[in-house]
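Read through the structure below, which is laid out as structure tokens, and then see the notes.
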Amino acid sequence: MEFFVKLFLVLIFLSSFQLLEASGENNPQQKLRFDSKNGEFRILQVADMHYGNGKSTLCEDVLPQQMSSCSDLNTTVFILRMIHAEKPHLIVFTGDNIFGYDATDAAKSMDAAFAPAISSNIPWAAILGNHDQESTLSREGVMKHIVGMKNTLSQLNPREFPDIDGFGNYNLEVHGTEGSELANKSVLNLYFLDSGDYSTVPSRIPGYGWIKPSQQLWFQRTSKKLKKTYMYNSSAKKAPAPGLAYFHIPLPEYASFDSSNFTGVRQEGISSASINSGFFTTMVEAGDVKAVFTGHDHINDFCGKLMDINLCYAGGFGYHAYGKAGWSRRARVVAVSLEKTGKGGWGAVKSIKTWKRLDDEHLTTIDSQVLWSKSSAGKVLRGCS
């Protein structure tokens with residue numbers, strides 16, 4: 001209990017004194033790098049915070065005994081607990097970071113939502129969902145505010161693609177360990193895309209948005225460039241560096257799975273766009289993306305593999321987001337590990353693993369599985385529990 005008391009005191013401090021400092025000049029873009037001690041890079045995914053106005057914004061779908069004291073502050077404490085437990089190298093927020101309809105001031109809600117990441121001094125990145133722009137800022141305005149916050153690596157859009165659809169399409173490179181032969185090469189590539197909010201042609205195509213051709217062209221060119229850079233002048237690198245993709249709205253291919261071929265649970269329908277824009281095919285053709293991570297459907301948290309790409313949900317994180325009473329809010333962690341070299345150093349990526357943690361007394365770990373392994377590339381790799 002003492003630990004929780006301390007966290008609440010930290011929370012009160014952040015809420016009262018630091019939120020005004022949450023926005024401001026962005027730190028210079030820093031280079032992400034694998035840990036030289038254990039050869040690992042760990043990513044915490046936070047999906048669907050649905051942050052509103054803080055303490056006055058009450059929880060959705062919790063047990064009756066939780067109702068009177070549960071608010072956005074529970075979401076903040078959960079983030080603080082996850083940072084303390086996992087010590088991630090990067091925090092990724094995958095959309096619906098705020099719930100626009102209930103956020104009186106979008107900027108202040110974002111300052112409060114991202115405050116734990118900012119105060120931790122851990123690099124973080126964010127993309128947009130379908131609710132972020134429903135308050136006092138446009139979709140572009142929301143992303144511009146995020147880009148201007150401290151410690152963020154978020155970007156508005158690639159400069160070389162001025163006409164790209166959406167806001168928040170960018171990539172981050174994770175370089176090899178300091179002093180290794182891969183210290184100046186990206187051995188893990190992270191792709192972030194704006195999957196939109198709602199259909200831009202609702203009279204003909206109802207429902208949610210999708211990843212547009214301009215975004216797919218950017219992805220193809222970026223993937224090709226990264227592969228060329230990584231494999232240049234090295235006979236040892238016969239395969240591209242693996243990639244991970246993050247966006248909010250799931251692809252139609254998420255509906256390909258049932259309980260016989262995924263790890264986790266599916267408790268609601270797949271709320272993808274009503275058309276298939278072909279981005280899954282684009283990723284298969286590119287060949288470097290090993291896993292996709294989305295949110296949007298809060299009470300789905302499964303991972304399934306299709307054509308050597310893992311399609312994963314994070315499960316709902318935020319307490320002002322819809323959920324299921326008695327079914328714990330949760331977060332997804334991805335741990336990417338390097339292989340040991342003959343010289344006792346670290347080389348290329350060896351494996352990609354994932355698990356989830358529940359917001360219960362012990363932050364229980366569930367559904368640990370291997371998503372990809374270098375030794376099993378091209379083979380069917382079953383998850384391990």
Side-chain angles (χ1 to χ4, degrees), residues 11 14-15 18-24 26 44-62 70-80 82 91-120 124-156 166-168 192-198 208-209 246-249 271 294-298 314-323 329 331 359:
L11 173 60
L14 286 172
S15 300
Q18 291 188 340
L19 291 184
L20 291 176
E21 299 177 4
S23 60
N26 184 15
L44 167 63
Q45 181 186 358
V46 177
D48 298 273
M49 286 192 292
H50 276 235
Y51 216 91
N53 296 318
K55 188 176 181 180
S56 63
T57 301
L58 301 181
C59 297
E60 301 269 348
D61 296 328
V62 293
C70 189
S71 71
D72 277 339
L73 301 190
N74 290 66
T75 302
T76 299
V77 171
F78 186 21
I79 299 175
L80 290 169
M82 285 299 303
I91 305 169
V92 176
F93 297 90
T94 51
D96 283 2
N97 307 299
I98 63 172
F99 187 62
Y101 284 128
D102 293 337
T104 305
D105 184 311
K108 288 183 178 179
S109 291
M110 283 188 283
D111 292 347
F114 297 122
I118 292 167
S119 65
S120 73
W124 60 278
I127 49 179
L128 301 182
N130 53 293
H131 290 302
D132 293 284
Q133 77 290 339
E134 293 167 343
S135 180
T136 55
L137 288 173
S138 67
R139 197 167 180 82
E140 181 179 11
V142 168
M143 198 64 207
K144 282 184 175 179
H145 184 84
I146 290 172
V147 169
M149 298 175 82
K150 292 181 180 179
N151 298 334
T152 190
L153 301 181
S154 307
Q155 298 170 38
L156 184 63
F167 303 99
F192 302 88
L193 297 103
D194 179 3
S195 53
D197 48 12
Y198 302 98
Y208 293 107
Y246 288 89
F247 44 90
H248 182 72
I249 298 173
S271 299
T294 66
H296 193 53
D297 298 328
H298 306 174
F317 190 102
Y319 277 87
H320 186 53
Y322 77 82
R329 264 60 175 185
D359 189 20

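Values reported hereafter were calculated over all heavy atoms of this structure, with side chains retained and with hydrogens, waters and symmetry mates removed. Just so you know, these numbers come straight off a predicted model, no measurement behind them. Along the sequence shown, residues are numbered consecutively beginning with 1.
A donor-acceptor contact shorter than 3.5 Å links the side chain of Asp194 to the backbone of Phe167. The backbone N or O of Gly52 lies less than 3.5 Å from a partner atom in the side chain of Ser109, making a donor-acceptor pair. In this structure, Asp102 contributes its side chain and Ser135 its backbone to no donor-acceptor pair below 3.5 Å. Between the side chain of Ser271 and the backbone N or O of Asp297 there is no donor-acceptor pair closer than 3.5 Å. No donor-acceptor pair under 3.5 Å is formed between the side chain of Thr152 and the backbone N or O of Met149. Using a distance-only test at 3.5 Å, with no hydrogens or angles considered, no donor-acceptor pair links the side chain of Arg139 to the main chain of Asn130.
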**OP:** Let me see the working for Ile91 and Phe114 under side-chain contact (heavy atoms from CB on, under 4.5 Å), right down to the final yes or no.
**Re:** CA-CA 10 Å; Ile91 305 169; Phe114 297 122; over 6 Å; no

Original post:
How far apart are the C-alpha atoms of Val62 and Cys70, what are their side-chain angles, what is the distance that settles it, and do they pass the side-chain contact (heavy atoms from CB on, under 4.5 Å) test?
Top reply: CA-CA 8 Å; Val62 293; Cys70 189; 4.2 Å; yes

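The shortest side-chain heavy-atom distance between Ser154 and Ile146 falls under the 4.5 Å cut-off. In this structure, the side chains of His248 and Leu128 stay at 4.5 Å or more apart for every pair of heavy atoms. Side-chain atoms of Thr75 and Phe317, non-hydrogen and from C-beta on, do get closer than 4.5 Å to each other. Contact of the Gln45 side chain with the Thr94 side chain is registered, since non-hydrogen atoms from C-beta on lie closer than 4.5 Å.
In this structure, a donor-acceptor pair under 3.5 Å is present between the side chains of His298 and Asp48. A donor-acceptor contact under 3.5 angstrom links the side chains of Asn53 and Thr104, judged on distance only. There is no side-chain donor-acceptor pair under 3.5 Å between Asp197 and Tyr208. Counting only N and O atoms by type, the side chains of His296 and Asp96 include no donor and acceptor under 3.5 Å apart.
Taken from OG1 in Thr294 to CG in Leu193, the straight-line distance is 12.5 Å, to the nearest 0.5 Å. Between the NZ atom of Lys55 and the OG atom of Ser71 there is a distance of 7.5 Å, given to the nearest 0.5 Å. With rounding to the nearest 0.5 Å, the separation of CE in Met143 from CG in Leu137 is 13.0 Å. Rounding to the nearest 0.5 angstrom, the gap separating the CG atom in Asp72 from the SG atom in Cys59 is 7.5 Å.
The two residues Asp132 and Ile98 come nearest to each other via the heavy atoms OD1-N, 3.2 Å. Summarising the geometry of Pro116 relative to Ile79, their closest heavy-atom pair is CB-CG2, 3.7 Å, with the distance given to 0.1 Å. Between Met49 and Ala113, the shortest heavy-atom distance links the atoms CE-CB, 3.6 Å. Across Leu44 and Ala331, no two heavy atoms sit closer than the pair CD1-CB, 3.9 Å. Of all non-hydrogen atoms in His145 and Met110, the two that sit nearest each other are CD2-CE, 3.6 Å.
Stacking of Arg329 on the aromatic ring of Tyr319 is recorded, both the 6.0 Å distance cut-off and the 45° axial limit being met.
Of the residues Trp124, Phe192, Phe93, the one that meets the ring pair (Phe, Tyr, Trp, His ring centres under 6.0 Å) test with Tyr246 is Phe192. For the ring pair (Phe, Tyr, Trp, His ring centres under 6.0 Å) with His50, the lone residue among Tyr101, Phe99, Tyr322 that qualifies is Phe99.
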